[in-house]
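See structure below.
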Number of protein chains: 2
Amino acid sequence: MSTRRTDGSGTGRRDRRPTIVDVAAEAGVSKSLVSLALRGDDRVGEAARERILTAAERLGYRSNTLARSLVQGRTMILGVLLTDLANPYHTEVVAGVEESADAEGFTVLLAHGQRDRHRLGRQLESLLQLNVDGVVVISSWLEPDALTEAARRAPVVMVGRPTAFSPGVDTVANDDEAGARAAVLHLAELGHERIAHLSGTGRPASRARGEGYRATMRELGLGGRAVVRPIGDDPHQRARAAAELLESARPSAVLAVNDLAALALLDQAHASRVPVPEGLSVVGYDNTALAETVRPRLTSVDQPRLVMGRLAVRLLLERMGGRTGDRHEVLAPRLVVRASTGPASTGPLAAAPDTAAQGRADGSGPQA
Amino acid sequence: MSTRRTDGSGTGRRDRRPTIVDVAAEAGVSKSLVSLALRGDDRVGEAARERILTAAERLGYRSNTLARSLVQGRTMILGVLLTDLANPYHTEVVAGVEESADAEGFTVLLAHGQRDRHRLGRQLESLLQLNVDGVVVISSWLEPDALTEAARRAPVVMVGRPTAFSPGVDTVANDDEAGARAAVLHLAELGHERIAHLSGTGRPASRARGEGYRATMRELGLGGRAVVRPIGDDPHQRARAAAELLESARPSAVLAVNDLAALALLDQAHASRVPVPEGLSVVGYDNTALAETVRPRLTSVDQPRLVMGRLAVRLLLERMGGRTGDRHEVLAPRLVVRASTGPASTGPLAAAPDTAAQGRADGSGPQA
DNA sequence: CTGAAAGCGCTAACAC
DNA sequence: GTGTTAGCGCTTTCAG
């Protein structure tokens, strides 16, 4: 593209977009003075500044960020890497990140992994190549080593991973064990004993939730009744796992690893004509917007997603400011009770949900 | 040559990350040869190439994209600007964009408008500043002028806007009028006459759907019965609009402007104890993943979102290739019938939905 | 085949 | 106060 045509006609349509040099020529000053004036440096005379500004305006000049970033060594861009745009938990954390980043003058750009581990790695690489000033990773799918490696190139904070897996990487998480515990205690208080867990697939956060579930069941003397069924990552697998869990374990209550899983349970219950919460109580995790959308409204363990996003940005800024030690923030989850959980019924309803389903359920359950 | 410290120690931890010059020194060749070798140019000797590659490896060298982009004048990045991460329609188009972009060697970065017009404009500016090679806009919120202006700086394609509002901007859309028509015809065939429309808020796509609805109602001789209620943009407004429409117009069927609006209708119907589809038929638009998640499964007008995303990328590439005329692609929508639509009932159920609701049902309180 | 030199557009020390 | 001079890290002619 070495078309050197100095076509100064009308609106600078295509060709070469105007540079700082063009502005300087137009205003009759030097290149660097333009640079200063444009950024409002106060050691530029009023007259000169005026001329420069109008010249820039007339030429339709826009500064080239790439060039600036190259010389300054920073882009003022924060990258967010996320596994799955379809998971509201992820996108709600993003809102917090964006809020803080905006306030600090950073631009937020998202890279999306499409639930594909390889793609996720490539996207991370892309962000780093772009020389973003920091990366927020909302995904447990990346290998700890890959993160540590990334952290050598730019500040990285991982949201959702509970503990220190990757040296050099800060983390922001909620206390998954405590959250699971609160959920189980809530169900136990309602009189449930056959409390099952529709678990994640072994990544750190879901593992911790599973641990919390198990530990609390033991604590309650219900250790023998604990049932854990892992769930898949796509909607179809979720549906199957939910169906199988309800079918085989016949729980009176289920703690789901997240709201998406809880949704699958509600759907299966509906399909089997098991009324919720009369015949089955369901607790979700994350308290995403979903929880207030589904019917019945979902009892769910809230993670402070906005706060987590904001905190992630703060940690990034601290790193940029020179901090070298790792930090791991753990926030307290909070159980939000809605309509999907209710008292355990002792009648045949709970004991054999399918029987009840056939048998014309008149809401005769214990309606405290 | 101002090489002051040839520190070839272990892992290059922080400090200055290695540049092409460092690699050249390490390999004992010149800077430009390294550049060639690294990109696999075939006019580099086998021996030299080998030395260079290992040197780069040893130093942990990664090329600086910023510098490359600056000199080449392109970034190999495609920007996607979207209004609302929470709307699955948007994110499903993104999947198509990413698929094609990947195949062509482009990286896709997303910028998010947070349902805020100003923010949307700023984000567009950020993408352009970054010198992305093209922008896909999935949002009708931007002013046509802003888009035309943007198109002067980089190829821009707008997804979802039905016609040519912004000169210089290509568009990819579905035929909204045809889609609305198919939906209304479907309902009419089921015997519905009191078919209402829960409409959008006047942006082009929703306006076209409204047009299609009205025209088809007239065509069917039902013009006098047409009822249109606009809906808001956030969940709360949606709920209210849905409630008011059902309450005031008492339709036996509703065409919603999109799946989110349809969801609000289903929720309100449930709250009022109107069974769907027996007491009310609902048709959504977009056929997002939501349609297969809600209960009952939603009849919805499908837009080929993946194809639209792919097409958007193709149009971008064509522009980069030098095309100057605008192109406007219009794809055919397709009605997908599921469980939320059924025959019109002539009984009292449909005639007076609130009677059924008011019937002071059993005391089970916790319904929203 | 290889290497030196000239920038891409901008910023930031440093003289004038 | 204002302008000059070096680069940021990379690609890309153009001589050797």
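Chain letters run A, B, ... following the sequence lines, proteins first, then strands; residues in each count from 1.
Among the protein residues, A:V21 comes within range of no part of the nucleic acid, since none of its heavy atoms lies under 4.0 Å from any strand. Heavy atoms of A:S69 sit nowhere under 4.0 angstrom from any nucleic acid atom. The residue A:L70 sits close to a base: some heavy atom pair falls under 4.0 Å.
If you check the side chains of A:H112 and B:E98, you find a donor sitting under 3.5 Å from an acceptor. Judged by distance alone, the side chains of A:R68 and A:S63 do bring a donor and an acceptor atom under 3.5 Å apart.
Listed nucleotides: D:dG7, C:dA4, D:dT11. Nearest to the side chain of B:S30: C:dA4. Comparing D:dG9, D:dC8, D:dG3 against the side chain of A:S32 picks out D:dG3 as the nearest. Proximity note for A:R68 (side chain, C-beta onward) versus D:dC10, C:dG9, C:dT11: the nearest is C:dT11. Considering only the side chain of B:L33, C:dG3 comes nearest among C:dG7, C:dC10, C:dG3. Of the candidates D:dG3, C:dC10, D:dC10, the closest approach to any side-chain atom of A:N64 belongs to C:dC10.
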**Message:** Between A:T83 and A:S139, is the side-chain hydrogen bond (donor to acceptor under 3.5 Å, both in side chains) condition met? List the steps.
**Reply:** CA-CA 6 Å; A:T83 314; A:S139 166; 2.6 Å; yes
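Between the CD atom of B:Q72 and the P atom of D:dG9 there is a distance of 17 Å, rounded to whole Å. Rounded to whole Å, atom C1' of D:dC14 lies 13 Å from atom CG of B:L36. In this structure, B:L38 atom CG and C:dT2 atom P are separated by 15 Å, rounded to whole Å. When rounded to the nearest whole Å, the span between CZ of B:R39 and C1' of D:dC10 equals 9 Å. As a whole-Å value, the separation of B:R74 CZ from C:dG9 P is 16 Å. Rounded to whole Å, atom C1' of C:dG7 lies 10 Å from atom NZ of A:K31. For the pair B:I20 CD1 and C:dG3 P, the interatomic distance rounds to 13 Å; values are reported in whole Å.
Between B:D22 and B:R17 there is no salt bridge, since no side-chain N of the basic residue sits under 4.0 Å from a carboxylate O of the acidic one. The pair A:E329-A:R314 fails the salt-bridge criterion, with no side-chain N (NZ, NE, NH1 or NH2) lying under 4.0 Å from an Asp/Glu carboxylate O.
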